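Right, one structure below, let's go through it.
This structure is a prediction, so every number in the text was calculated from the model and none was measured.
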Amino acid sequence: MTELEKYREEIDAIDTEIVRLFEERMKISEKVAVYKIRTGKKVLDPQREGAKIRSLRAKAHGEFNAMGTQELFQQIMAISRKKQYQLLTEHGISMERNFQKVDHLPLDGVTVVFQGVEGAYSYAAMREYFQGDIESYHVKTFRAAMEEVAQGRADYAVLPIENSTQGIVTDIYDLLMEYQLYIVGEQVIHASHVLLGLPEAELSDITRVYSHPQALAQCGSYLEAHPDWKKTEVENTAGAARRVSLEGDRTHAAIASREAGKVYGLKILAENICKSERNVTRFIIVSARPVYEENAKKISICFELPHRTGSLYNMLSHIIYNGLNMTKIESRPIPGETWEYRFFVDFEGDLRDGSVENALRGIEAETQTLRVLGNY
């Protein structure tokens with residue numbers, strides 16, 4: 001046996017003993033959980049855990065081992081809590097949530113609001129999602145759309161939340177926290193930009209192009225080939241098409257959708273002008289009612305964390321440990337707080353699943369605030 005093999009054999013023996021002691025500790029931890037269930041005590045006791053970590057650190061030799069001991073036992077305690085959360089679920093102690101499961105969302109005979117104007121991508125997303133008989137109208141801002149639903153004047157709002165090339169729509173994340181509304185669905189739209197002009201215009205006539213800043217950026221390569229064109233930013237792409245139609249100037253064009261061209265009677269002057277062929281935008285459907293459909297498969301949550309080392313890792317570990325697939329994470333500054341952030345997380349699941357219940361129970365117990373934004 002070589003020297004290295006001897007060391008490995010010694011480590012293997014120690015590891016086997018660690019596993020035995022870990023399992024012995026978990027058995028006692030289950031007894032603690034049963035006691036807490038019986039007495040109604042909370043799973044997380046930060047004062048007790050803090051004192052325990054300090055005591056264990058003091059028993060280690062040297063700062064490196066002290067830090068290692070702290071990290072090791074923080075993980076052991078976190079695993080113990082996860083087991084206790086699991087036992088709470090198994091004992092039928094569910095969390096109070098006001099979400100209601102429905103077979104299908106009511107999509108006919110409803111009122112829907114969207115930001116922008118007819119022909120915008122929000123309009124296209126609305127028509128794709130609500131294919132029945134609906135009443136719809138538009139407003140100028142995302143906030144106004146939220147307000148319409150909050151005040152009960154609209155049943156749903158259709159809002160863009162993410163673009164594959166430009167990233168998240170930050171205003172929507174902030175508004176989701178400001179308004180007590182819920183995500184009940186989503187719709188993905190392929191943003192196929194075209195250059196639109198008046199019916200009598202030709203490409204050689206164009207001197208000015210209107211569009212939303214994102215669309216101008218997405219078509220940057222095409223516009224660079226026409227350096228003499230003046231670029232003018234407007235609130236949305238459909239608004240750009242509407243402006244060209246109203247102005248009646250053959251030297252003006254708009255970067256917008258084919259749908260906008262049809263709505264405002266414009267001609268396509270150029271196609272395939274977007275540098276990304278996979279330019280897609282994800283829209284959310286927002287309601288004042290906390291409902292979710294039978295086939296819901298995605299959950300969106302938001303939480304705030306204390307400024308402590310490893311706090312984000314500990315929250316995400318609840319998702320990982322329960323076998324859930326996280327599909328997105330974003331952060332936004334908390335208004336009025338310096339260097340404090342909210343985290344928005346999407347993961348696959350159904351609110352009725354035990355694994356989801358366990359994960360949400362752990363996150364809620366260990367964060368400052370938790371909101372379930374929707375299951376859809």
Looking only at atom types and distance, does a side-chain atom of [X] sit under 3.5 Å from a main-chain N or O of [Y], one as donor and one as acceptor?
X: Lys36; Y: Val43; value: yes
X: Thr16; Y: Asp12; value: yes
X: Thr39; Y: Tyr35; value: yes
X: Arg258; Y: Val194; value: no
X: Thr237; Y: His212; value: no
X: Arg289; Y: Asp155; value: no

Evaluate the criterion ring-ring contact (aromatic ring centres under 6.0 Å, His included) for residue pair Tyr156 and Phe130; output intermediate values, then yes/no.
-> CA-CA 10 Å; Tyr156 303 100; Phe130 298 91; 5.2 Å; yes
Does any part of the side chain of [Y], heavy atoms only, come nearer than 4.5 Å to the side chain of [X], both counted from C-beta?
X: Tyr85; Y: Leu44; value: yes
X: Tyr137; Y: Glu148; value: yes
X: His138; Y: Tyr123; value: no
X: Leu176; Y: Ile284; value: yes
X: Gln187; Y: Val158; value: no
X: Lys267; Y: Glu202; value: yes
X: Lys82; Y: Ser317; value: yes
X: Glu247; Y: Arg208; value: no

Please indicate whether [X] has more than 12 foreign heavy atoms, meaning atoms of other residues, nucleotides or ligands, lying under 6.0 Å from its [atom1].
X: Lys101; atom1: NZ; value: yes
X: Glu71; atom1: CD; value: no
X: Glu3; atom1: CD; value: no
X: Glu135; atom1: CD; value: no
X: Glu340; atom1: CD; value: yes

Val356 and Asp350: CA distance, side-chain angles, deciding distance, side chain to side chain contact (heavy atoms under 4.5 Å, CB included) verdict | CA-CA 7 Å; Val356 171; Asp350 183 316; 5.6 Å; no
Measuring from atom [atom1] of [X] to atom [atom2] of [Y], what distance do you get when rounded to the nearest 0.5 angstrom?
X: His61; Y: Lys59; atom1: NE2; atom2: NZ; value: 11.5 Å
X: Met315; Y: Leu305; atom1: CE; atom2: CG; value: 6.0 Å
X: Gln115; Y: Ile172; atom1: CD; atom2: CD1; value: 8.0 Å
X: Asn163; Y: Ile189; atom1: CG; atom2: CD1; value: 12.0 Å
X: Leu88; Y: Gln86; atom1: CG; atom2: CD; value: 10.0 Å
X: Phe73; Y: Ser55; atom1: CZ; atom2: OG; value: 10.0 Å

How far apart are the closest heavy atoms of [X] and [Y], and which atoms are they?
X: Pro199; Y: Gly265; answer: CG-O, 3.5 Å
X: Lys298; Y: Asn375; answer: O-ND2, 2.9 Å
X: Tyr179; Y: Ala150; answer: CD2-CB, 3.8 Å
X: Ser257; Y: Leu196; answer: O-CD1, 3.6 Å
X: Ser245; Y: Leu198; answer: CA-CD2, 4.2 Å
X: Cys219; Y: Cys274; answer: SG-CA, 4.0 Å

Side-chain donor-acceptor contact under 3.5 Å, [X] with [Y]:
X: Glu118; Y: Tyr264; answer: no
X: Gln74; Y: Tyr313; answer: no
X: Tyr376; Y: Ser300; answer: yes

Carboxylate-amine/guanidinium proximity below 4.0 Å for [X] and [Y]:
X: Arg282; Y: Asp346; value: yes
X: Glu235; Y: Lys140; value: no
X: Arg371; Y: Glu304; value: no
X: Lys27; Y: Glu23; value: no
X: Lys328; Y: Glu330; value: yes
X: Arg20; Y: Glu17; value: yes

Are [X] and [Y] grouped together when hydrophobic residues (ILVMFWY) are joined by side-chain heavy atoms under 4.5 angstrom apart?
X: Met146; Y: Phe283; result: no
X: Tyr321; Y: Val19; result: no
X: Ile285; Y: Val102; result: yes
X: Leu175; Y: Ile183; result: yes
X: Val139; Y: Leu159; result: yes

Parallel, tilted or perpendicular: ring planes of Trp229 versus His226, cut at 30 and 60 degrees | parallel
Specify whether Tyr182 and Phe99 have parallel, tilted or perpendicular ring planes, treating 30° as the upper limit for parallel and 60° as the lower limit for perpendicular.
-> perpendicular
Show your working on side chain to side chain contact (heavy atoms under 4.5 Å, CB included) between Leu312 and Ile329 and close with a plain yes or no.
-> CA-CA 11 Å; Leu312 178 58; Ile329 181 169; 4.2 Å; yes
Could you check Val291 against Val184 for side chain to side chain contact (heavy atoms under 4.5 Å, CB included), going step by step and ending with a plain yes or no?
-> CA-CA 7 Å; Val291 297; Val184 296; 4.0 Å; yes
Applying side chain to side chain donor-acceptor pair (under 3.5 Å), run through Asp249 and Thr251 and close with a yes or a no.
-> CA-CA 5 Å; Asp249 189 332; Thr251 68; 2.7 Å; yes
Under 3.5 Å, which donor-acceptor pairs do the side chains of residues 103-114 form with other protein atoms, sequence neighbours left out?
unit_1, atom_1, unit_2, atom_2, d
Asp108, OD1, Asp133, N, 3.3

Test log, rule side chain to side chain contact (heavy atoms under 4.5 Å, CB included), inputs Ile11 and Arg8 | CA-CA 5 Å; Ile11 288 174; Arg8 285 176 173 171; 5.6 Å; no
For Glu259 and Tyr121, run side chain to side chain donor-acceptor pair (under 3.5 Å): C-alpha distance rounded to whole Å, both residues' side-chain angles, the deciding distance at 0.1 Å, then the answer.
-> CA-CA 8 Å; Glu259 182 73 20; Tyr121 287 110; over 6 Å; no
What about Tyr210 and His252, are their ring centers closer than 6.0 Å?
-> yes
